[in-house]
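First the structure, in the form of structure tokens, and then the observations on it.
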Amino acid sequence: MKVENYKPTKSSFLSIEKDMSIIIDSIFSNKTLLKLLYYASKDALEKPALTEEQKLEMVDKNIKIRPKVYVDNDVKTYIIIRIRDFVPSSNPEYRSCIIEFDICCHMEQWAMKDFKLRPYRIAAELDSMFTDKHLSGIGTLDFAGTSDLNLTDEYCGLCLQFLAYHGDEDKNNVQPKENPAHVQDFKDIIEDY
């Protein structure tokens, strides 16, 4: 009896799972960011560090990896992690993409002590955690910019965007041989930032 050899699926979309795991682990290791997300009070940064149980409670409540936001009466601040706009890179094994962090905060929770604004403090933590860092690919994340995020009259914030390249050569040579239509889209994305 002949046994067929199993060939694993080869796709850069499979790296999303690993990237999400790296991102969530990084968030869990940042005590300041966790306090800003978990505690709704103005003195959130003075509160005790979160326990492992509290951190796990935040997944799919404060920290979302699905682009669905539902208003929870207990939760006032959210981060929604999205990976989008995949384009070919010079390495056919990988695709470059944009990683977005949507920071949503109830308007009553924006102001903190000493003129600090919660969404901008969260943005500062995320920026310092991910700019020029590696995920599962061989390239680094480049900060691409921010935009306003207005969901409702009560929930507003920021969207942080990072370009995820898969190698330094991708920054200089994003043109694949097979599909030049996507190259123009990616160049437009880069020029916008």
Side-chain angles (χ1 to χ4, degrees), residues 12-86 96-107 109-113 116-149 151 155-166 193:
S12 60
F13 291 106
L14 295 176
S15 67
I16 292 173
E17 299 162 6
K18 187 172 182 183
D19 289 343
M20 282 294 188
S21 177
I22 293 168
I23 290 169
I24 298 297
D25 286 346
S26 298
I27 290 171
F28 278 180
S29 67
N30 186 319
K31 293 178 184 178
T32 302
L33 179 58
L34 291 173
K35 289 178 185 182
L36 289 165
L37 291 170
Y38 189 81
Y39 297 112
S41 62
K42 291 185 179 204
D43 63 345
L45 296 175
E46 298 164 17
K47 298 282 187 181
L50 274 63
T51 64
E52 290 302 313
E53 293 80 25
Q54 289 171 318
K55 290 178 189 178
L56 292 175
E57 283 176 21
M58 294 176 69
V59 175
D60 215 28
K61 282 185 93 176
N62 301 81
I63 303 166
K64 297 183 175 286
I65 61 173
R66 295 181 291 156
K68 179 172 173 61
V69 177
Y70 55 90
V71 177
D72 183 326
N73 292 332
D74 297 330
V75 178
K76 301 294 184 188
T77 304
Y78 302 90
I79 292 178
I80 302 133
I81 305 162
R82 297 186 301 149
I83 301 176
R84 64 177 186 84
D85 292 348
F86 289 86
S96 296
C97 62
I98 294 177
I99 299 176
E100 288 185 340
F101 294 91
D102 291 335
I103 303 163
C104 268
C105 188
H106 193 281
M107 291 303 288
Q109 307 305 318
W110 269 59
M112 298 177 65
K113 288 184 171 183
K116 293 179 180 111
L117 297 174
R118 189 179 306 264
Y120 289 96
R121 287 302 306 261
I122 292 170
E125 293 298 321
L126 291 170
D127 183 33
S128 67
M129 289 167 54
F130 294 110
T131 297
D132 296 327
K133 300 298 189 275
H134 291 272
L135 293 180
S136 64
I138 57 175
T140 58
L141 296 179
D142 288 343
F143 177 73
T146 62
S147 58
D148 291 340
L149 183 67
L151 296 179
Y155 284 90
C156 298
L158 301 168
C159 173
L160 263 69
Q161 298 172 334
F162 294 88
L163 294 175
Y165 293 102
H166 288 288
Y193 302 108

Item to check | Test side chain to side chain contact (heavy atoms under 4.5 Å, CB included) applied to Tyr78 and Lys61, step by step | outcome: CA-CA 7 Å; Tyr78 302 90; Lys61 282 185 93 176; 6.0 Å; no
Checklist entry - When you measure from the side chain of Arg118 to the backbone N and O of Leu36, does any donor-acceptor pair fall under 3.5 Å? => result yes
Checklist entry - Which distance, rounded to the nearest 0.5 Å, do you find between the CD1 of Ile98 and the CZ of Arg84? => result 4.5 Å
Checklist entry - More than 12 heavy atoms of other residues, nucleotides or ligands under 6.0 Å from NZ of Lys133: is that the case? => result yes
Item to check | Spacing of Lys18 atom NZ and Ile23 atom CD1 [to the nearest 0.5 Å] | outcome: 13.0 Å
Next on the checklist: Could you check whether any side-chain heavy atom of Ile99 comes within less than 4.5 Å of a side-chain heavy atom of Leu141, counting everything from C-beta outward?
Outcome noted: yes
Checklist entry - Is it true that Asp43 and Lys113 make a salt bridge, defined as a side-chain N closer than 4.0 Å to a carboxylate O? => result no
Next on the checklist: Please report the interatomic distance CG(Leu151) to SG(Cys156), rounded to the nearest 0.5 Å.
Outcome noted: 7.0 Å
Next on the checklist: What verdict does the side chain to side chain contact (heavy atoms under 4.5 Å, CB included) test give for Tyr38 and Glu57, after you've listed the backbone C-alpha separation in whole Å, the side-chain angles of each residue and the deciding distance to 0.1 Å?
Outcome noted: CA-CA 10 Å; Tyr38 189 81; Glu57 283 176 21; 3.9 Å; yes
Next on the checklist: Between Phe101 and Phe130 (judged by ring centroids, cut-off 6.0 Å), do the two rings come close enough to count as a pair?
Outcome noted: yes
Checklist entry - What's the spacing between Asp132 CG and Phe162 CZ if we round to 0.5 Å? => result 9.5 Å
Item to check | Greater than 12 external heavy atoms within 6.0 Å of Ile24's CD1 | outcome: yes
Checklist entry - Mind checking whether Leu34 and Gln54 have side chains closer than 4.5 Å, heavy atoms only? => result no
Item to check | Pairwise distance CD(Gln161) to CG(Asp142) - rounded to 0.5 angstrom | outcome: 13.0 Å
Checklist entry - Quick one: do Arg66 and Asp60 make a salt bridge, cutoff under 4.0 Å? => result yes
Checklist entry - Can you list the steps and then say if Cys97 with Asp85 is a side chain to side chain contact (heavy atoms under 4.5 Å, CB included)? => result CA-CA 5 Å; Cys97 62; Asp85 292 348; 5.9 Å; no
Checklist entry - Just how far is it from atom CD of Glu125 to atom CG of Asn30, taken to the nearest 0.5 Å? => result 4.5 Å
Next on the checklist: Are Cys159 and Thr146 packed together at the side-chain level, in the sense that at least one heavy-atom pair is separated by less than 4.5 angstrom?
Outcome noted: no
Next on the checklist: Between Leu33 and Phe28, is there a side-chain heavy-atom distance shorter than 4.5 Å?
Outcome noted: no
Next on the checklist: When you compare the side chain of Phe143 with that of Leu160, does any pair of heavy atoms fall below 4.5 Å?
Outcome noted: yes
Checklist entry - With respect to Ile79, which candidate in Asp102, Asn62, Leu37 satisfies the side-chain contact (heavy atoms from CB on, under 4.5 Å) definition? => result Leu37
Checklist entry - Between Ile80 and Glu100, is any pair of side-chain heavy atoms under 4.5 Å apart? => result no
Next on the checklist: Quick one, Ile63 and Ile27 - any side-chain contact, counting heavy atoms below 4.5 Å?
Outcome noted: yes
Item to check | Side-chain heavy atoms of Tyr39 within contact of Pro48, under 4.5 Å | outcome: yes
